[in-house]
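The residues of the chain are indexed from 1 along the displayed sequence.
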Amino acid sequence: MTWTKFRMLSSSTRRRRLLFFLFAAFVAGSVVATDYAPYPTPGAGYVTDAAGVLSHGEEERIEHWLRSVEERSGTEIIVVTIHSISDYPGTENSSIESFATGLFNRWGIGNRPRNDGILLLVAVSDRKARIELGAGYGKSRDGDSARIMREVIVPRFRKGDIAGGITRGVKAIVNEFTTVRIGVPWPLILVPAAAVVFLLIGVSLIRNGRRGWGWVFIGLALLLLVVTLYVFLWLARQRSGDSGGWAAGGVGGFGGGFSGGGGATGSW
């Protein structure tokens, strides 16, 4: 619409048109403000599988874990797969380390006051992966990152199991860097089972006249049951305070954190 035609409209119509254009400009400005280019645009959750290496079930499982981790510990862990860092011209793509740092900062991964976010980046065609840590870790956890990369992630990748390496790597990162534990809490299963076994042994010994040893085993059984009960109560308190526990399922959105350049790189 030309300026002349605009002036020919009634004053109320002009006001409506002007308000519409201002609203449209505001929306456009908001879209630009959330533009992540030249880096990839993040997905809706904690996993951005641009390389397409995860099945729907695998991605959902990791999303489930990481949602629970952030709810219970406040730590934001993000997983990104791409084909190659060279697919993103205009980025710091001279190395996977510089690309990971740039991506981390562009997205603002992690809680800004603590800067304890973590990025697991996998460049499939480049055959490189990177665990990038928030600035809050400094360099103190580089060794832990390197161990996870060396012992958990890269061996699976070398076997061609990219999805398995990512899944196991995420689990290892969560267990190492947060108060949450992923998987079956085997100690909470084995300890009560041992208590039952000790109790049965103690009863059997008493019935056979060996009362001394019988009461020793019964005492051990009761001690294990008390320890188990204590651990269950402690976990219940942790869960009610959202400060830890065993991951079961349940805050997304990046918190404005930034990287300190720490972490570890692996290749296969």
* To do: State, to 0.1 Å, how close Glu92 and Ser98 come at their nearest heavy-atom pair, and which atoms those are.
  => O-OG, 2.9 Å

* Any sub-3.5 Å donor-acceptor pair from Arg168's side-chain atoms to Ile153's backbone N or O? -> no

* Asked: Are the side chain of Arg114 and the backbone N or O of Gly74 linked by a donor-acceptor pair below 3.5 Å?
  -> yes

* Shared ILVMFWY cluster between Val216 and Leu200, side chains joined below 4.5 angstrom? -> no

* Look at the side chain of Arg112 and the backbone N and O of Gly256, then say whether any donor-acceptor pair between them is shorter than 3.5 Å. => yes

* Test Trp215 against every option in Leu205, Leu220, Ile206 by the side-chain contact (heavy atoms from CB on, under 4.5 Å) rule and name the one that passes. => Ile206

* Asked: Quick one: is the NZ or CZ of Arg141 closer than 6.0 Å to the six-membered ring centre of Phe177, and within 45° of its axis?
  -> yes

* Asked: With side chains defined as the heavy atoms from C-beta onward, is the minimum distance between Phe217 and Val203 less than 4.5 Å?
  -> no

* Arg127 side chain vs Trp268 backbone, donor-acceptor pair below 3.5 Å -> yes

* Side-chain heavy atoms of Ile166 within contact of Val79, under 4.5 Å -> yes

* Is the side chain of Asn105 donor-acceptor paired with the backbone N or O of Ser259 at a distance under 3.5 Å, no angle test? -> yes

* Glu176 side-chain N/O to Ser145 backbone N/O, donor-acceptor pair under 3.5 Å -> no

* To do: Search all heavy atoms of Ala50 against all heavy atoms of Tyr88 and return the closest pair with its distance.
  => CB-OH, 4.4 Å

* Can Phe258 be reached from Ile96 by stepping across I, L, V, M, F, W or Y side chains whose heavy atoms are under 4.5 Å apart? -> no

* Asked: Asp126 side chain to Ile85 main-chain N or O, any donor-acceptor pair under 3.5 Å?
  -> yes

* Asked: Are the side chains of Phe198 and Leu223 in touch, meaning some heavy atoms are under 4.5 Å apart?
  -> no

* Asked: Hey, does Tyr46 have a side-chain heavy atom less than 4.5 Å from the side chain of Val69?
  -> no

* Side-chain contact test, heavy atoms from C-beta onward, threshold under 4.5 Å: evaluate it for Tyr36 versus Trp107 and give yes or no. => yes

* Asked: Rounded to the nearest 0.5 Å, what separation is found between the CD1 atom of Ile82 and the CG atom of Leu121?
  -> 5.0 Å

* Can you tell me how far OG of Ser267 sits from CZ of Arg158, rounded to the nearest 0.5 angstrom? -> 7.0 Å

* Say you draw a straight line from CD1 of Ile78 to CG of Leu119; how long is it, rounded to the nearest 0.5 Å? -> 8.0 Å

* To do: Give the minimum heavy-atom separation between Pro38 and Pro89, together with the two atoms involved.
  => CB-O, 3.5 Å

* Structure fact -> d(Thr101 OG1, Leu133 CG) to nearest 0.5 Å is 10.0 Å

* Asked: Do Leu224 and Trp213 belong to the same hydrophobic cluster, where Ile, Leu, Val, Met, Phe, Trp and Tyr are linked whenever their side-chain heavy atoms lie under 4.5 Å apart, directly or via other members?
  -> yes

* Going from CZ on Arg130 to CZ on Phe104, what distance comes out if it is rounded to the nearest 0.5 angstrom? -> 11.0 Å

* Euclidean distance, Lys159 NZ relative to Arg156 CZ, rounded to 0.5 Å -> 5.0 Å

* Criterion side-chain contact (heavy atoms from CB on, under 4.5 Å) on Val47 and Leu54, from CA distance to verdict -> CA-CA 10 Å; Val47 179; Leu54 298 171; 3.8 Å; yes

* Are the side chain of Thr48 and the backbone of Gly43 linked by a donor-acceptor contact shorter than 3.5 Å? -> yes

* Asked: Above 12 or not: heavy atoms from other molecules or residues under 6.0 Å from CZ of Arg147?
  -> yes

* Asked: What pair of heavy atoms forms the shortest contact from Ser73 to Thr178, and how long is it?
  -> OG-CB, 4.0 Å

* **Closest non-hydrogen atom pair, Gly257 against Asn115** => CA-OD1, 3.2 Å

* Student check: side-chain heavy atoms of Leu120 and Ile77 closer than 4.5 Å -> no

* Take Tyr137 and Asp116 through the test side-chain contact (heavy atoms from CB on, under 4.5 Å) and record every step on the way to the result. => CA-CA 7 Å; Tyr137 297 103; Asp116 58 353; 3.5 Å; yes

